Amino acid sequence: MILVTGGAGFIGSNFVLDWIAAEGEGVVNLDKLTYAGNPANLASLAGDKRHVFVRGDIADAALLGRLFAEHKPRAVVHFAAESHVDRSIHGPAAFVETNVVGTFNLLEACRTSWSPVTSGLFHHVSTDEVFGSLSETGFFTEETRYDPSSPYSASNRN
């Protein structure tokens, strides 16, 4: 079983659908269903026992603790994030709450649930905007320095 956050969004839902089709392994799909989440993206999984949908917030540490205790995920694929630069400029607090506090709570749930014997994999999917404007070369590399230019891109540096 894996835990996917933000799995009702465009990218997250496609990951969930592909994962279940290719791997057959179960997914606990945690999504707050804000402006970016769409349950219709997952309609083809209705009634599929390999997909457990939980409407909830990654900033809710108690919920994360319950999910880890109940489902014991071996891995986390973390897509959940507030997004869109313009929204971050007009309301940065939501970006800090989800992208920083939520990610921290998710990491803490992993740390307290996994041990050296039962360690898991944490994969954080972020945005290229953490690197700022695209250079003249037209691409970023592993050596590109962080240069965020908005609350959105700065809050995704974690």
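All values reported here derive from a predicted model rather than from experimental measurement.
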List in chain and number order the residues that pass side-chain hydrogen bond (donor to acceptor under 3.5 Å, both in side chains) with Asn14, two or more places apart in sequence or in another chain; answer none if no residue qualifies. none
Could you tell me the separation between the [atom1] atom of [X] and the [atom2] atom of [Y], rounded to the nearest 0.5 Å?
X      : Y      : atom1 : atom2 : result
His78  : Leu106 : NE2   : CG    : 5.5 Å
Leu63  : Arg55  : CG    : CZ    : 12.5 Å
Phe122 : Trp114 : CZ    : CH2   : 7.5 Å

Test item: [X] side-chain N/O and [Y] main-chain N/O as donor-acceptor pair under 3.5 Å:
X      : Y      : answer
Asp57  : Asp60  : no
Ser13  : Gly7   : no
Asp31  : Gly37  : no
Ser113 : Cys110 : no

So, do [X] and [Y] sit near enough that their side-chain heavy atoms are less than 4.5 Å apart?
X     : Y      : value
Leu3  : Phe68  : yes
Val54 : Val28  : yes
Ile58 : Asn105 : no
Thr5  : Val77  : no
Leu17 : Ser44  : yes
Asn29 : Leu42  : yes

Could you tell me which residues satisfy salt bridge (Lys or Arg N to Asp or Glu O under 4.0 Å) with Glu25, sequence neighbours excluded, listed by chain and number? Arg74
Applying the 4.5 Å side-chain criterion to the ILVMFWY set and letting contacts propagate, would Val16 and Leu121 be lumped into a single cluster? no
side-chain contact (heavy atoms from CB on, under 4.5 Å) partner of Leu30, the single match among Val52, Val4, Leu64: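 Option passing the side-chain contact (heavy atoms from CB on, under 4.5 Å) with Leu30: Leu64.
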Indicate the ring-plane relationship of Phe15 and Trp19, choosing parallel, tilted or perpendicular according to the 30° and 60° boundaries.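 Rings of Phe15 and Trp19: parallel, under 30°.
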Is the number of heavy atoms from other residues, nucleotides or ligands within 6.0 Å of CD1 (Ile11) greater than 12?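 No, because the 6.0 Å sphere around CD1 of Ile11 holds 12 heavy atoms or fewer from other groups.
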Please name all residues satisfying side chain to side chain contact (heavy atoms under 4.5 Å, CB included) with Asn38, sequence neighbours left out, ordered by chain then number.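 Scan of Asn38 (side chain to side chain contact (heavy atoms under 4.5 Å, CB included), adjacent residues dropped) gives Ala40, Asn41.
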Shortest non-hydrogen contact from Phe53 to Ala8? CE1-CB, 4.3 Å
Step by step, work out the side chain to side chain contact (heavy atoms under 4.5 Å, CB included) result for Val27 and Arg50. CA-CA 6 Å; Val27 171; Arg50 297 171 297 174; over 6 Å; no
